[in-house]
Amino acid sequence: MKIQLSKTSTNEQLLPVLGKSLHLFGKPYLHAKMLLIDERLLLLSSINLSTNSMDNNREVGILLTDPIVIREFMEQFRKD
């Protein structure tokens, strides 16, 4: 498991729990949301995984299953 988040005081509190699986970005600010499941399903979305975002915001997302597209996203994720 590898998690990449923006470097905020809230996200820094996750370091003791997630350890080396967590990478915090300073700059540029990471706004993208990507969820990869079993290297077969890729969700790209504007939604934050928070109650406020899910209950009060209008969000949009796309679910991708094309293995070529997923592989390209995985390569970029590893580079980051």
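Here the structure is a predicted model, which means the values were calculated and not measured. Start at 1 with the first residue, then count along the sequence. Heavy atoms only: backbone and side chains are in, while hydrogens, waters and symmetry mates are out.
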Asker: To the nearest 0.5 angstrom, please state how far the CG atom of Leu22 sits from the NZ atom of Lys7.
Answerer: 11.0 Å
Asker: If every non-hydrogen atom of Gln13 is compared with every non-hydrogen atom of Pro16, which pair is closest and at what distance?
Answerer: O-CD, 3.3 Å
Asker: Side-chain heavy atoms under 4.5 angstrom apart, residues restricted to Ile, Leu, Val, Met, Phe, Trp, Tyr: same cluster for Ile62 and Val69?
Answerer: yes
Asker: Looking at Ile70, Leu64, Leu43, Leu41, which one forms a side chain to side chain contact (heavy atoms under 4.5 Å, CB included) with Leu36?
Answerer: Ile70
Asker: On a heavy-atom basis, which atom in Ser46 and which in Glu59 lie closest, and how many Å separate them?
Answerer: OG-OE1, 2.6 Å
Asker: Side chain to side chain contact (heavy atoms under 4.5 Å, CB included) with Leu14: which of Ile3, Leu24, Leu5?
Answerer: Leu5
Asker: Which atom pair, heavy atoms only, marks the closest approach of Asp66 to Ile68?
Answerer: OD1-N, 2.8 Å
Asker: Is any side-chain heavy atom of Phe25 closer than 4.5 Å to one of His23?
Answerer: yes
Asker: Could you see if Val60 belongs to whatever hydrophobic cluster contains Leu63? Use Ile, Leu, Val, Met, Phe, Trp, Tyr and a side-chain cutoff under 4.5 Å.
Answerer: no
Asker: I need the Met74 CE to Met34 CE distance, nearest 0.5 Å.
Answerer: 8.5 Å
